[in-house]
Amino acid sequence: MNRRRLALAVLPLLLAVTGCTSGTADDEPALRPAAAERPSPFRDCATLSTAPRTTSPGSGTATPTTDTPTTDTPASPGTTAPNGPTAPVAGGSALPELTLSCFTGGAPVVLREVAGPAVINVWASWCPPCRKELPAFQRLSERAAGQLQVVGVNSRDSRGGAQSIGEDFGVRFPILVDQGEALQRELKRNAIPLTLFVDADGQVRHIDASGALDDTKLAKLVRQHLGLAVPA
């Protein structure tokens with residue numbers, strides 16, 4: 001009798017063990033797919049090495065300037081540029097030899113291979129003047145389509161912060177990523193926003209660090225340093 005009782009007591013345990021080990025993969029609950037990453041609001045960078053298609057009547061290449069550059073007082077990292085005039089780079093200079101990744105992925109971009117004329121804006125989501133001027137750069141990219149390229153360089157920023165700015169402000173032009181501030185170091189400029197005006201020959205004709213630019217200021221700078229007439 002005792003043996004029978006022992007056998008009856010052990011049987012449920014054996015059945016439980018068998019049920020844990022004999023199931024197939026089809027019996028297991030399906031894993032939830034990872035949350036899909038939000039699509040980037042920015043354009044890809046594949047066409048940055050292609051020169052703008054057309055120029056408007058009366059436009060031309062920038063006239064070399066002979067002014068000497070303004071020596072701005074370097075700002076500490078994380079600060080924005082003080083308001084004040086800046087001057088063209090004397091005689092123009094080539095873009096730094098840097099290779100930056102594109103926000104949307106794909107092949108890295110050699111900065112010197114960005115075809116001019118181009119306006120390159122260095123920005124970050126945590127920089128109030130940057131946020132203020134980004135919509136003007138988006139409008140410039142639309143109004144000057146075919147005449148020049150507008151390119152952003154997102155500096156020392158989080159991907160989520162940059163993505164949100166693009167979504168909220170309707171920024172669509174291509175964005176390069178420079179988390180190590182390599183471009184700023186090469187230019188010996190610590191403050192942002194920072195805007196480079198690059199002519200059709202790839203020469204930097206002007207570096208502006210005067211603070212937030214609006215439509216009128218951008219149109220004036222493009223005409224003055226790149227010789228292109230863009231409506232404000």
Name all residues meeting the side chain to side chain donor-acceptor pair (under 3.5 Å) criterion together with [X]; count only those two or more places apart in sequence or in a different chain, and write none if there are none.
X: Arg112; value: Glu97
X: Asp178; value: none
X: Gln179; value: none
X: Ser40; value: none

Holding to side-chain contact (heavy atoms from CB on, under 4.5 Å), I want the full list of residues that pass it with [X], two or more places apart in sequence or in another chain.
X: Arg143; result: Arg139, Asp215, Val230, Pro231
X: Glu186; result: Pro96, Leu98
X: Arg223; result: Ala229
X: Asp44; result: Ala46, Thr104

Derivation of the side-chain contact (heavy atoms from CB on, under 4.5 Å) call for Leu213 and Leu221: CA-CA 10 Å; Leu213 298 173; Leu221 290 168; 4.0 Å; yes

Sequence neighbours excluded - ring-ring contact (aromatic ring centres under 6.0 Å, His included) pairs with any residue from residues 178-200: Phe197-His206

Of all pairs that satisfy ring-ring contact (aromatic ring centres under 6.0 Å, His included), the ones with a partner from residues 137-186, not counting sequence neighbours: none

pair Phe42-Val171: side-chain heavy atoms closer than 4.5 Å: yes

Point-to-point distance, once rounded to the nearest 0.5 Å, from CG of Leu187 to OG of Ser93: 8.0 Å

Gap between atom SG of Cys130 and atom CD1 of Ile192 - 0.5 Å precision: 4.0 Å

Residue pair Asp214 / Thr216, side-chain donor-acceptor N/O under 3.5 Å: no

Contact list for residues 166-176, test salt bridge (charged side-chain N to carboxylate O under 4.0 Å, His left out), sequence neighbours left out: Arg38-Glu167

Ile207 vs Leu194, side-chain contact (heavy atoms from CB on, under 4.5 Å): CA-CA, chis, key distance, verdict: CA-CA 7 Å; Ile207 299 176; Leu194 197 63; 3.8 Å; yes

Intermediate values then yes/no, side-chain contact (heavy atoms from CB on, under 4.5 Å), Val153 and Leu196: CA-CA 11 Å; Val153 176; Leu196 286 65; over 6 Å; no

Is the backbone of [Y] close enough, under 3.5 Å, to the side chain of [X] for a donor and an acceptor to pair up by distance?
X: Thr47; Y: Thr50; result: no
X: Gln163; Y: Pro39; result: yes
X: Gln149; Y: Gly116; result: no

Residue pairs passing the side-chain hydrogen bond (donor to acceptor under 3.5 Å, both in side chains) test where at least one lies in residues 115-124, sequence neighbours excluded: Asn121-Glu133, Asn121-Thr195

Verdict with supporting geometry, Leu148 and Val222, side-chain contact (heavy atoms from CB on, under 4.5 Å): CA-CA 9 Å; Leu148 59 80; Val222 167; 3.7 Å; yes

